Amino acid sequence: MRNLIDGHAHLNAIIPIGPAIERACSVGVSRIIAVGMDLESNKKTLEIAGNYPGCVFPAIGYHPWSILENEIENNLAFIEKHIDQCVAVGEVGLDYKIKVKKALQWKVFSRVLKIAGKNEKPVIIHTRFSYERAHRMVVEAGIKKAVFHWYSGPENVLFRIIEDGYFVSATPALVFSKAHREAIAKAPLEKILIETDSPVKYRYKTSEPADLLETLQQLARLKEISEDKVALITTENSTRLYGI
Ligand SMILES: [Zn+2]
């Protein structure tokens, strides 16, 4: 049986969660990094992790899509208070395709980066149309460990991410997203994590952690390396990043 790690899943949004975790285990996904986006999902993520010790490892964060001005202080205080229970800070980042003002996104991102830095936690980063800025802010915050999740950005930023020792992650979107496939093709396997971002819909199918096999197969095909070897290396990468 393989020992795979789903490096990024929104377990709080998968209902019911029990059978989905069982299906994941039955195909060799033995550990899952559960990420939060806002106060409510952060709480739920910690609760789920508490119910599945050794299997679900929590990260709490503040997704740019979820920023509400009147909730910022509450959620940041929650993250600070509970960060010790978590393997990472995430999901956090920048997204220039949405309506939330850039200045507000920068403010929230820089504050969560500060919390991550102070507590020496890795950061799980969402970035769309904001690759340069997101990378620069991570570097300037002195963050040592980070993953640029579902990376689909330009080559020049990708190479800086790799040089700085950070990771990128691959999702089932490798099947249909040219930008994602091209970026992951250029990244060395030693710097790639695999994940599902479930329950994101990929071409009309709602995903779950068991779909990590799809990411694994696609990545193996793209790299022309056996699935067993890709499984071994990506699990090692996740183990190293998250310290699990
Ligand atoms: Zn996500």
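We count residues from 1, following the sequence as given. In listed order, ligands and their atoms are each counted from 1. Since the structure is predicted, the reported quantities are computational estimates derived from the model, not experimental observations.
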Requested in this report: For the pair Asn3 and Ser30, evaluate side-chain hydrogen bond (donor to acceptor under 3.5 Å, both in side chains) and give the outcome as yes or no after the intermediate values.
Outcome: CA-CA 6 Å; Asn3 174 27; Ser30 52; 2.5 Å; yes
Query - Partner set under side chain to side chain donor-acceptor pair (under 3.5 Å) for His149, not counting sequence neighbours - result: His8, Glu91, Glu195
Query raised in the report: Please, which pairs that meet salt bridge (Lys or Arg N to Asp or Glu O under 4.0 Å) have at least one residue in residues 4-32, sequence neighbours excluded?
Result: Arg23-Glu208
Query - Side-chain H-bond candidate by donor/acceptor type, Trp150 with Asp197, under 3.5 Å - result: no
Report summary line: At a cut-off of 2.8 Å, protein N/O/S around the Zn ion (ligand 1) gives His8 NE2, His10 NE2, Glu91 OE1, Asp197 OD1
Report task. Among residues two or more places apart or on two chains, list those pairs meeting salt bridge (Lys or Arg N to Asp or Glu O under 4.0 Å) that have a residue in residues 168-183. Result -> Lys178-Glu182
Query - Tyr131-Phe148 aromatic ring centre distance below 6.0 Å - result: no
